[in-house]
Trainee: 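Let me begin by handing over the structure; questions about it come next.
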2 protein chains.
Amino acid sequence: MLGDLQRDRRSERREATRDEIVAAAWELCRPEGLGALSLRDLAKRVGMQAPSLYSYFDSKHAIYDAMYADGARAFVAAQGEMVLSGDSLHDLKAVARFFIGFCTEDPVRYQLLFQRVIPGFEPSPESFAISVASLREMQEHFASIGLTDPEAVDLYTALGTGLADQQISNDPGGDRWIRLVDEAMEMLHAHLVRRAESKRGGVNRTSPGGRQAADGRSRRTRKQR
Amino acid sequence: MLGDLQRDRRSERREATRDEIVAAAWELCRPEGLGALSLRDLAKRVGMQAPSLYSYFDSKHAIYDAMYADGARAFVAAQGEMVLSGDSLHDLKAVARFFIGFCTEDPVRYQLLFQRVIPGFEPSPESFAISVASLREMQEHFASIGLTDPEAVDLYTALGTGLADQQISNDPGGDRWIRLVDEAMEMLHAHLVRRAESKRGGVNRTSPGGRQAADGRSRRTRKQR
DNA sequence: GTCTATATTTGGATAGAC
DNA sequence: GTCTATCCAAATATAGAC
């Protein structure tokens, strides 16, 4: 039992150091992008010699992978903060604001999670599983407001990533596209209502207070932003 | 005069080789992204030794810059192929299809032109000027169909890049988002019409055959996708 | 677990013969 | 303009003392 306690303290310490390294890696990448990460610089920043990092990570890619998992977990956490009302337009806006906010508040994280920029790197199955779960959760949100049509969801994700991407690329730190989020969602909502009227099935016309049954189970498991 | 002729032949040859190098660089980047370019590999691919490249380019960044200029020129050329009718919805679709087609047909080019992925690289003023000119041309297209409101243009670019980006990241080689272009543009058009009705000024409700005076000179010169 | 020392590889870039 | 030879710097990664 005493052995157990010791092992616990040790692995806690170890975890803390790993987290410290990952945090330092983010900071190191912030100014110049993910490609600018080097083990020497990283070690210096946490007060180690470069080889010592190998006590914590097997390779540089393993560090990227830990960063990926970290970013994905941040996404899940932020997603948990969202409060949905059941009103489709309101919730469309809420989810979009959340997504664009998450992307723009840390462009490097966005780069790692959503773009393939490191030659040869892809997240491990374990890290990837985190983001898959969060995307499933997002699809459940969509379903809860009656948004089950795959094409409608695709339209939504295109709008969301487009706004985020333009904001990051062309007005970093500003709000030129962020402030268009509500208008964009109103546009989409109106379109989906019209679409539903002609096709039957789509978003709720008006949100009847209560939540709609999540009748449409998500149809795709494919990775999607 | 004879001297002139000789110099001409020589510089033509030189230009041809430069082009050959740039073309090889594109191919080399295609599989793994821009970060995977190395001078040794590049030289090997064109049948040279690495140092010989320095007869043609001063540095690796100079090669990226030539690639950038090449990509921007391709954009201009493709843009020239577009035929616009003066009908706002039709032209909205045409421009969007052009843009998404251009982006998705060569994701690495998209990466170089529209994303900052190489640590420390930015295009030279001369190369950048090419893309600035093409963006001005695009804004004139917008103005010609009465799309002069900056926010409307921003909404348009967000939609365009979002569709392109999702297509590249989540369905490379497919058409899952490409096939949504027309619907997206109809959505945008309807929105702008409604917007115009309440605000006065926006897109033409219906396209009166002839072109509308490009009254609204583009209000921003800022770089924009 | 951290260090020093070093291996190894691979970059980009230069010098100088031809 | 192209080559060989080489430099130099930086990178990842390993070995082994402490």
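Below, chains carry the letters A, B, ... as their sequence lines are ordered, and counting in each starts from 1.
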Trainee: Are any non-hydrogen side-chain atoms of E151(A) and R176(B) less than 4.5 angstrom apart?
Mentor: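 Answer no - side chains too far apart.
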
Trainee: What N/O pairs connect the protein and nucleotides 14-18 of chain C at under 3.5 Å? Give each pair on its own line.
Mentor:
none

Trainee: Is the distance between the ring centroids of F75(A) and Y110(A) under 6.0 Å?
Mentor: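 F75(A) vs Y110(A): aromatic centres not under 6.0 Å.
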
Trainee: Where along residues 21-28 of chain B does a heavy atom come under 4.0 Å from DNA chain D, residue by residue in number order?
Mentor: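 None, since no heavy atom is under 4.0 Å.
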
Trainee: Without decimals, in angstroms, what is the distance between I118(A) CD1 and dT12(D) C1'?
Mentor: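 For the pair I118(A) CD1 and dT12(D) C1', the rounded distance is 15 Å.
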
Trainee: Before giving the answer on side chain to side chain donor-acceptor pair (under 3.5 Å), spell out for S127(A) and S124(A) the whole-Å C-alpha distance, their side-chain angles and the decisive distance to 0.1 Å.
Mentor: CA-CA 5 Å; S127(A) 302; S124(A) 64; 3.1 Å; yes

Trainee: Using 30° and 60° as the class limits, which term best fits the ring planes of F99(A) and F114(A): parallel, tilted or perpendicular?
Mentor: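 Answer is tilted, since the angle falls between 30° and 60°.
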
Trainee: Of N170(A), D165(A), I168(A), T104(A), which is the lone residue that meets side-chain contact (heavy atoms from CB on, under 4.5 Å) with W177(A)?
Mentor: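 That would be N170(A); it is the only one of N170(A), D165(A), I168(A), T104(A) passing the side-chain contact (heavy atoms from CB on, under 4.5 Å) with W177(A).
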
Trainee: Can you tell me how far C1' of dG12(C) sits from NE2 of H61(B), to the nearest Å?
Mentor: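 Rounded to whole Å, this separation is 11 Å.
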
Trainee: For the pair made of CG in L53(B) and P in dG1(D), what is the distance, rounded to whole Å?
Mentor: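 Nearest whole value for this atom pair: 13 Å.
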
Trainee: Do L159(B) and M187(B) make a side-chain contact, defined as non-hydrogen atoms from C-beta onward lying under 4.5 Å apart?
Mentor: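 The answer is yes, as the side chains (C-beta and beyond) meet within the 4.5 Å cut-off.
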
Trainee: Which residues in residues 30-48 of chain A have at least one heavy atom lying under 4.0 Å from any atom of DNA chain C?
Mentor: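 Correct list: G47(A), M48(A).
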
Trainee: Whether S52(A) contacts dC3(C) is assessed here as follows: a side-chain N or O lying under 4.0 Å from the phosphate OP1 or OP2. Is that the case?
Mentor: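 Affirmative; the distance criterion is met.
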
Trainee: Distance check, rounded to the nearest 0.5 Å: D106(A) atom CG versus Q111(A) atom CD?
Mentor: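 Going from the CG atom of D106(A) to the CD atom of Q111(A) covers 10.0 Å.
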
Trainee: Round to a whole Å and report the spacing from CD of Q49(B) to P of dA13(C).
Mentor: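 In whole Å, dA13(C) P and Q49(B) CD are 17 Å from each other.
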
Trainee: Could you check how far OH of Y56(A) sits from C1' of dA13(D), rounded to whole Å?
Mentor: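 Rounding to the nearest Å, OH of Y56(A) and C1' of dA13(D) are 18 Å apart.
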
Trainee: Quick check against the 3.5 Å criterion: does R109(A) have a side-chain atom that pairs as donor or acceptor with the backbone of F102(A)?
Mentor: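 Judged by distance alone, yes, a pair lies under 3.5 Å.
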
Trainee: Aromatic rings Y64(B) and F121(B): how do their planes relate, parallel, tilted or perpendicular, breaks at 30° and 60°?
Mentor: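 It falls in the tilted class, 30° to 60°.
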
Trainee: Ion pair present between R116(B) and E122(B), side-chain N to carboxylate O less than 4.0 angstrom?
Mentor: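 Answer for the salt bridge query: no.
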
Trainee: Under 4.0 Å between any heavy atoms, over every strand shown, what does S59(B) touch: base, sugar-phosphate, or nothing? Just pick one.
Mentor: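 Sugar-phosphate, no base atom in range.
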
Trainee: At what distance, to the nearest 0.5 angstrom, does CG of D149(A) lie from CG of L192(A)?
Mentor: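 Answer for the CG-CG pair, D149(A) versus L192(A), is 8.0 Å.
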
Trainee: For the side chain of K60(A), counting heavy atoms from C-beta on, which of dG1(C), dA13(D), dT4(D) is nearest?
Mentor: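 Minimum distance to the K60(A) side chain belongs to dA13(D).
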
